[in-house]
Amino acid sequence: MKIEHPTPINWQFAKRAEQLQSSVIREILKITMRPDIISFAGGLPSPATFPVEHMKAAFDKVLSQQGKIALQYGPSDGYAPLREWIANSLSIPGSVITPDQVLMVSGSQQALDLLGKVLIEENSKVLVETPSYLGALQAFSVYQPQFVSVPTDDYGLLPEAVDGIADGARLLYALPNFHNPTGRTMSVERRMALVETCARHGLPLIEDDPYGALSYRADPLPKMLTMNPSGVIYMGSFSKVLTPGIRLGYVVGPTPLIRKLEQAKQAADLHTSQLIQMVVYEAIKDGFLAEHIPSIRTLYANQCQVMLDALAEFAPEGVKWNKPEGGMFIWVTLPKHIDCMQLLEEAIAQKVAFVPGAPFYANEPEKNTLRLSFVTVPPEKIREGVATLAKLIAAKI
Ligand SMILES: Cc1ncc(COP(=O)(O)O)c(C=O)c1O
């Protein structure tokens with residue numbers, strides 16, 4: 001039976017839904033999925049790093065030995081052995097994290113939404129780096145904050161700028177390791193200064209760290225979480241060290257906040273897949289990541305170098321870029337008069353794509369910036385793509 005001639009619904013979306021917009025990057029990605037395009041646009045990890053056989057074995061073991069538990073509903077805070085594993089991996093002498101400080105989430109992107117839900121009041125101040133991760137701006141904007149941009153330089157966020165803007169802010173969101181989109185790394189001194197400044201103002205500091213394990217150096221820099229576990233909220237993810245398709249991340253913080261986030265998580269989706277958490281625990285519990293991550297770092301470090309060499313060879317005078325110490329991105333700044341949105345159209349016509357920098361700015365965008373990802377494009381194509389892009393830029397200088 002079907003209703004005849006229903007009255008058409010005039011969809012009236014809630015005010016908060018009006019803030020929702022498709023990410024420009026996801027729109028660009030749709031175009032750049034075409035196989036004939038050399039795409040530096042994606043933020044996707046390289047599929048060459050996905051441990052398919054290892055995951056297959058872990059799925060098989062979990063399903064054959066604990067299938068009935070794995071396929072059942074699970075606790076909202078997550079699978080206890082995995083939370084314990086994460087707490088141990090984040091603990092250092094003098095700064096111990098306990099499992100009840102860990103909440104498993106369906107990708108760390110969900111943590112951004114839950115944090116927005118429980119911390120951001122309409123019109124309240126939220127401090128973000130200039131530029132910042134677009135997915136965080138998207139997640140927070142639903143809660144209608146007033147974004148305040150914290151200035152940055154080539155070494156990341158400037159902690160001394162926070163004093164003048166911290167008053168009344170609900171949180172500061174920072175990406176200290178191999179920043180998305182800039183690829184920058186915040187120095188230890190700046191991390192300490194930022195943690196100290198936030199602690200002085202009683203300002204919650206979110207440390208988003210999906211790329212931290214992908215350091216090209218032997219000695220990764222200390223996490224801000226270890227400097228003040230009572231004031232720093234740490235976000236981690238399995239997306240860049242295992243696979244993103246499993247949608248598994250975690251948020252770590254003081255227990256009153258974690259319990260509130262757990263309630264918000266319960267309301268949103270009850271819990272993150274028990275099956276996936278058990279499989280990931282099975283996959284990593286015997287030290288797999290310690291063998292696997294170095295191979296990701298080596299691949300990314302090599303491809304990063306190919307792109308840096310190509311930029312040095314082909315980029316015209318007036319173009320600047322950074323040398324990342326890890327992660328997946330290079331940030332490029334062109335002469336002020338060049339609009340990268342327009343450049344993108346021309347680049348796509350020449351079968352090369354990148355992400356313009358403007359959408360990553362919460363306030364005044366710098367339209368002459370762009371992000372290049374070097375992890376999914378083979379070396380010879382990196383050279384070809386950079387050469388094409390450099391020619392287009394040179395024609396505008
Ligand atoms: C800075 C940053 N935070 C969070 C995320 C979300 O990661 P996921 O939800 O896959 O854990 C991403 C994804 O690219 C990211 O770049």
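Worth saying up front: this structure is predicted, and the values here are computed from it rather than measured. Side chains included, hydrogens not; waters and symmetry mates left out as well; all remaining heavy atoms used. Remember, it's 1-based here, ligands and their atoms both numbered in the order they're listed.
- When heavy-atom distances to ligand 1 are checked against 4.0 Å, the residues falling inside are G107, S108, Q109, Y133, L175, N180, D208, P210, Y211, S237, S239, K240, R247, ordered by chain and number.
- Around the CG atom of D153, the shell of radius 6.0 Å holds more than 12 heavy atoms that belong to other residues, nucleotides or ligands.
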I'd like a table of donor-acceptor pairs (distance under 3.5 Å, sequence neighbours excluded) in which one partner is a side-chain atom from residues 309-319, with atom names and distances.
unit_1 : atom_1 : unit_2 : atom_2 : d
D309   : OD1    : Q305   : NE2    : 2.9
E313   : OE1    : R383   : NH1    : 2.7
E313   : OE2    : R383   : NH2    : 3.4

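- Connectivity analysis of hydrophobic side chains (ILVMFWY, heavy atoms under 4.5 Å, direct or indirect) links V96 to nothing; its cluster partners are none.
- Sorted by first and then second residue, the side-chain hydrogen bond (donor to acceptor under 3.5 Å, both in side chains) pairs with a member in residues 226-238 read D209-Y234, N228-S230, S237-S239; sequence neighbours excluded.
- By the 4.0 Å N-to-carboxylate-O rule, K56 lies too far from D60 to be salt-bridged with it.
- A cation-pi arrangement is found for R371 relative to F329, the charged atom lying closer than 6.0 Å to the ring centre and inside a 45° cone about the ring normal.
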